[in-house]
Amino acid sequence: MSAHETALDLAARFGHERVIVLHDAASGLRAVIALHSSTLGPSVGGTRMRAYPSFDDAVGDALRLSRAMTYKATFAGLPFGGAKAVIDADPQRADRRELLAAYAHAVVELEGRFVTGGDMGIDQDDVQFMARISKAFAHAPKGAGPDASELTAIGVEAAIGATAARLGLPLRGLHVALQGVGEVGGRLARRLTAAGVRVTLADIDAAKAETVARESGAVVVPPEEIVALDCDLFSPNAAGGVIDEEALSHLRCRAICGAANNPIASPEIGDELDRRGILHAPDFVANAGGVLSLLFELGTLDAEGTVRRVERIGDDLAELYESAAAERIAPFRLAERRVDQRLAAARAAT
Ligand code: PHE
């Protein structure tokens, strides 16, 4: 969003179908639900809880994240469009359950159009809690199958494997700088170290970083050092926009692949990475394991079949790298083009 572009201008530019702002006086809920597309099916996307500098920032994030969900679901071949909800609140708040209840009640009105689950700041217990209020929360009984965070980590691990292979490097011994060890990043750190990857990690929550490092055998560095670390691959697993102009001048990796949504601040920076020969896995390809969990949650595939589908993200990415190299374009540009073509064809057919 430029200084002159308001959140609603951005929604118009991105082509959002509907954006809903929620204010609930009783609970103090401030939230936004962004429905980007329903061209291929109901709009899906997680619910995020995070304290933003301003509500406009929350809306901007929801708009960008919901658009990314359309790309993610479409590239993965799912019969869904993209959405995202953002609750503007500190996830540590003592009264968070009241906010979640008020939010879930508001979501009831959208049932059928919006399918949601967890995201940053929302864990599986929260999803189970909200699922008692609204059918929009896709969930299976606890322990029935792999959860969305684990599936996301499995998919990113496969994507890192494909990215390393493209660089001619084996996974074993690869040095990964991992930013963020939350629900997904923590699981990814454990999976990677178990596969023999050398992991250096950082998190703004120092205690969490220490815990994951102790359990996985990874090394911890301060958060401000992780982007500039000399490594084979940088793996963003926290907030978006971390690869901006400033970060670009410090990067010392050969590739980027992680679970974070929108880690590259702009398409121009994506192109610049490509010019510099830094191989960059499109986020919406690498991190599709979370949304693919719906195949299990909605009963399309069993647990094993879902895991196998998520692991195939590595093969899909390897094919994308190969085709993009043949066409001499950045992989993210090719992936976006394929999605745009698929959506245009679907619109033309109706
Ligand atoms: N939050 C997940 C993501 O960003 C997607 C998701 C959607 C997960 C619906 C569960 C349910 O990809």
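For the single chain, residues carry numbers from 1 onward in sequence order. First listed ligand is number 1; within each ligand, the first listed atom is number 1. This is a predicted model, so every value here is computed, not measured.
Applying the ring-ring contact (aromatic ring centres under 6.0 Å, His included) test to every pair with at least one member in residues 27-82, sequence neighbours left out, gives these pairs: His16-His36, Tyr71-Phe284.
Looking at Val212 and Arg190, their side chains come closer than 4.5 Å, going by heavy atoms from C-beta outward.
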Identify all pairs of nitrogen or oxygen atoms, one from ligand 1 and one from the protein, separated by less than 3.5 Å, and list them with distances.
| unit_1 | atom_1 | unit_2 | atom_2 | d |
| --- | --- | --- | --- | --- |
| ligand 1 | 1 (N) | Gly118 | O | 2.9 |
| ligand 1 | 1 (N) | Asp119 | OD1 | 2.8 |
| ligand 1 | 4 (O) | Lys72 | NZ | 3.2 |
| ligand 1 | 4 (O) | Lys84 | NZ | 2.9 |
| ligand 1 | 4 (O) | Asp119 | OD1 | 3.1 |
| ligand 1 | 4 (O) | Asn261 | ND2 | 3.2 |
| ligand 1 | 12 (O) | Lys72 | NZ | 2.5 |

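Among residues two or more places apart in sequence or in another chain, the side chain to side chain donor-acceptor pair (under 3.5 Å) test is passed with Ser37 by Thr39. Take Arg48 and apply the salt bridge (Lys or Arg N to Asp or Glu O under 4.0 Å) test, not counting sequence neighbours, and it matches Asp61, Asp119.
Each of Val199, Val156, Leu174 was evaluated against Leu192; a single residue qualifies, Val199, per the side-chain contact (heavy atoms from CB on, under 4.5 Å) test.
Ion pairing between a basic and an acidic side chain is recognised when a charged N comes within 4.0 Å of a carboxylate O; Asp90 and Arg50 show no such pairing.
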